[in-house]
2 protein chains.
Amino acid sequence: MDKCAAAVALEESKLFAGISEEDIKHMMDCSKSKVQKFRTGEIICTFEGSSDKVGVLIGGEAELERVDYAGNRTVLEILAAGDVFGQTLAFGNLTGDMLDVVARSCCTVVFIPADFVSSRCSNACVRHAQFVRNMLGLISGKAQSLSERIEVLSNRSIRDKLMCYFTINCAKARADRFTMPFSFTTLADYICCDRSAMMRELGQMKEDGVVQIDKREVRLIS
Amino acid sequence: MDKCAAAVALEESKLFAGISEEDIKHMMDCSKSKVQKFRTGEIICTFEGSSDKVGVLIGGEAELERVDYAGNRTVLEILAAGDVFGQTLAFGNLTGDMLDVVARSCCTVVFIPADFVSSRCSNACVRHAQFVRNMLGLISGKAQSLSERIEVLSNRSIRDKLMCYFTINCAKARADRFTMPFSFTTLADYICCDRSAMMRELGQMKEDGVVQIDKREVRLIS
DNA sequence: CGCCGTTTGTTGCGCTTGCAACACCTCGGC
DNA sequence: GCCGAGGTGTTGCAAGCGCAACAAACGGCG
């Protein structure tokens with residue numbers, strides 16, 4: 001993929017939203033960004049050192065993995081086209097574990113030197129404003145969703161955790177129902193409890209008539 | 001306090017770190033920032049609508065509180081001089097509760113219109129770069145600490161939560177020991193469990209010889 | 001079709017944990 | 001001095017929950 005095609009794809013990304021294709025091309029030159037391709041299973045990026053660059057996935061699917069001292073891999077996040085990753089955006093390297101981004105399919109990635117974000121834009125000042133706004137929006141969106149999860153996890157019982165999760169998502173949907181974006185197994189991971197215990201509680205809640213569940217659609221009663 | 005004195009105080013804040021007093025004065029004019037004083041107990045700021053401004057606490061102490069539907073107030077955060085608060089930085093308004101910042105003592109606050117952060121800096125371009133870097137650093141630092149707490153909360157048992165918290169903080173201190181920044185009561189809140197249950201487990205752990213605790217200093221064994 | 005991996009659903013056992021109710025200490029104000 | 005507020009430390013009890021071990025349904029694939 002050449003720079004021109006990359007610019008078209010970047011226009012769809014969250015980081016370059018609202019910036020014209022032409023301006024993006026200009027910014028890519030200015031920042032000395034690089035386009036790179038990866039095959040399924042290849043490691044796109046690892047956060048051991050201080051590789052200060054931001055990556056935008058413009059094609060394919062990838063995942064952010066944690067590798068602990070024993071070599072166990074845990075998927076922290078699934079990245080789709082348009083998603084952004086990077087030192088500033090990838091948190092959790094606190095226990096000293098390694099973090100890396102791995103291609104799940106054939107991926108195309110644009111790497112942007114991190115200092116470009118805050119650089120003094122001699123020739124790209126106009127579009128920089130939008131770029132910075134997007135960057136701030138991305139990180140604070142990330143923080144928002146982290147804080148949302150803490151909100152859920154701060155409840156003591158499984159029932160309260162579920163109710164909290166359901167309530168938040170119904171509020172987001174501005175309705176008394178919403179559709180879960182993932183499986184029950186993943187939900188149990190999200191709220192950090194045993195899946196079977198969660199299923200048991202979910203059964204109780206249905207029996208008590210506080211929720212109705214059809215496939216992945218959850219409905220809160222009253 | 002006049003603008004000049006405010007600029008001196010701002011130089012110490014996290015948001016303006018690395019920017020000269022003179023440049024800050026310039027930026028305050030440019031952004032039409034306002035300096036305001038508050039008495040103990042006064043509400044500095046509330047996040048119900050979309051008040052898009054960033055506040056820097058340059059004197060006194062304040063707290064970020066959540067007020068739920070029943071009127072119960074929970075302290076989410078303590079703010080000291082130099083700390084920054086604002087829409088982008090204050091998360092958690094997810095359950096529809098109100099959030100507000102309340103003065104704990106006599107406070108001086110500088111309010112900066114939020115769009116200044118990403119504004120196209122006709123006359124302040126040079127210092128803007130540092131300002132944006134600081135802003136990004138603040139938010140991503142916030143996200144980092146949120147993610148740290150999730151790391152802790154994602155453990156199932158109290159023992160594992162404690163071990164996780166201790167390990168992370170020892171790693172931060174680059175030692176086998178560290179000093180807790182708060183009381184045991186607050187620690188129980190942080191890891192979201194019953195205080196008495198935590199004390200019981202802490203006793204067990206001391207007995208098992210995996211930790212030593214003296215006042216607020218925690219030491220991990222082996 | 002048959003085989004596979006993944007997700008869903010269920011149950012019993014027993015430890016862990018939350019809850020309530022204590023007693024004790026320190027600190028600061030009056 | 002006395003008092004109250006807030007932190008610390010302990011205990012009994014009931015139940016919530018994790019864990020292990022199942023069975024069954026689903027979807028992809030040769």
Side-chain angles (χ1 to χ4, degrees), chain A residues 40-41 61 63 65 72-75 78 104-105 152-166 179-219, chain B residues 40-41 61 63 65 72-78 104-105 150-166 179-219:
Chain A
T40 309
E61 203 174 48
E63 51 192 33
E65 291 182 348
N72 299 315
R73 305 182 89 80
T74 326
V75 176
I78 306 288
R104 285 183 120 196
S105 63
V152 172
L153 290 180
S154 66
N155 291 281
R156 303 262 168 100
S157 69
I158 293 184
R159 198 191 189 101
D160 288 345
K161 284 180 184 174
L162 286 171
M163 282 306 285
C164 181
Y165 176 72
F166 292 163
T179 306
M180 293 195 306
F182 39 53
S183 67
F184 283 100
T185 308
T186 319
L187 177 58
D189 283 344
Y190 182 82
I191 67 174
C192 295
C193 72
D194 186 70
R195 188 189 57 83
S196 70
M198 187 192 78
M199 297 301 280
R200 188 162 33 198
E201 196 59 50
L202 227 36
Q204 276 283 330
M205 291 166 76
K206 277 190 270 190
E207 210 171 278
D208 294 352
V210 295
V211 287
Q212 278 174 14
I213 294 173
D214 177 40
K215 279 282 179 186
R216 290 190 176 173
E217 190 186 78
V218 179
R219 185 182 169 203
Chain B
T40 308
E61 202 175 47
E63 51 192 33
E65 291 182 349
N72 299 316
R73 305 182 89 81
T74 327
V75 176
L76 295 178
E77 213 170 319
I78 306 289
R104 286 182 119 195
S105 64
I150 288 184
E151 182 91 23
V152 172
L153 290 179
S154 67
N155 291 281
R156 304 261 168 98
S157 68
I158 294 184
R159 199 192 189 99
D160 288 345
K161 285 181 184 173
L162 286 172
M163 282 305 286
C164 181
Y165 176 72
F166 292 162
T179 307
M180 293 195 307
F182 39 53
S183 68
F184 282 98
T185 308
T186 318
L187 177 59
D189 283 344
Y190 182 82
I191 67 174
C192 295
C193 72
D194 185 71
R195 189 189 58 83
S196 70
M198 188 192 78
M199 297 301 280
R200 187 162 36 199
E201 196 59 49
L202 228 35
Q204 275 283 332
M205 291 165 76
K206 278 190 270 191
E207 210 170 279
D208 294 353
V210 294
V211 287
Q212 278 173 14
I213 294 173
D214 178 40
K215 279 281 179 186
R216 289 190 177 174
E217 189 186 77
V218 178
R219 184 181 168 203

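Order of the sequence lines sets the chain letters (A, B, ...), proteins ahead of strands, with each chain counted from 1.
Between B:I213 atom CD1 and D:dT8 atom C1' there is a gap of 12 Å when expressed in whole angstrom units. Separating the CD atom of B:E201 from the C1' atom of D:dG9 is a distance of 15 Å, rounded to the nearest angstrom. For the pair B:M199 CE and C:dA20 P, the computed distance is 19 Å after rounding to whole Å. Between the C1' atom of C:dG18 and the CG atom of B:D189 lies a distance of 14 Å, rounded to the nearest Å. Rounding to whole angstrom units, CZ of residue A:F182 and C1' of C:dT8 are separated by 16 Å. Here the P atom of nucleotide C:dT8 and the CG atom of A:D214 are 14 Å apart, to the nearest Å. In this structure, the CE atom of A:M205 is 14 Å from the P atom of D:dG16, given to the nearest Å. Counting to the nearest Å, the C1' atom of D:dT11 and the CE atom of B:M198 are 17 Å from each other.
The base of D:dC17 has none of its N or O atoms less than 3.5 Å from a complementary donor or acceptor on the side chain of A:S157. Under 3.5 Å, the side chain of B:R159 and the base of D:dG18 form no donor-acceptor pair of N or O atoms. Side-chain N/O atoms of B:R200 and base N/O atoms of C:dG18 include a donor-acceptor pair closer than 3.5 Å. Not a single donor-acceptor contact under 3.5 angstrom links the side-chain atoms of A:S196 to the base of D:dC17.
Of the listed nucleotides (D:dT8, C:dC19, C:dT8), C:dC19 has the atom at the smallest distance from the side chain of A:R156. Side-chain proximity of A:C193 to the nucleotides C:dG18, D:dG18, D:dT8 is greatest for D:dG18.
With B:E201 as the fixed residue, the salt bridge (charged side-chain N to carboxylate O under 4.0 Å, His left out) test singles out one of B:K161, B:R159, B:K206, B:R195: B:R159.
Looking only at distances, no side-chain donor or acceptor of B:S154 sits under 3.5 Å from a matching main-chain atom of A:C192. In terms of modelled atom types and a separation under 3.5 Å, the side chain of B:D194 and the main chain of B:S196 share a donor-acceptor contact.
Nearest-nucleotide positions on DNA chain D place B:T186 closer to the 5' end than the other of B:T186 and B:A197. In this structure, B:C192 and A:R195 both approach DNA chain C, and ranking their closest nucleotides by distance from the 5' end singles out A:R195.
Between A:Y165 and A:F182, the ring planes lie parallel to each other; the angle is under 30°, not in the 30° to 60° tilted range.
B:T185 has a side-chain polar atom (N or O) that falls below the 4.0 Å cut-off from OP1 or OP2 of D:dT8.
Put simply, CE on B:M205 and CD1 on B:I213 are 7.0 Å apart, with the number rounded to the nearest 0.5 Å.
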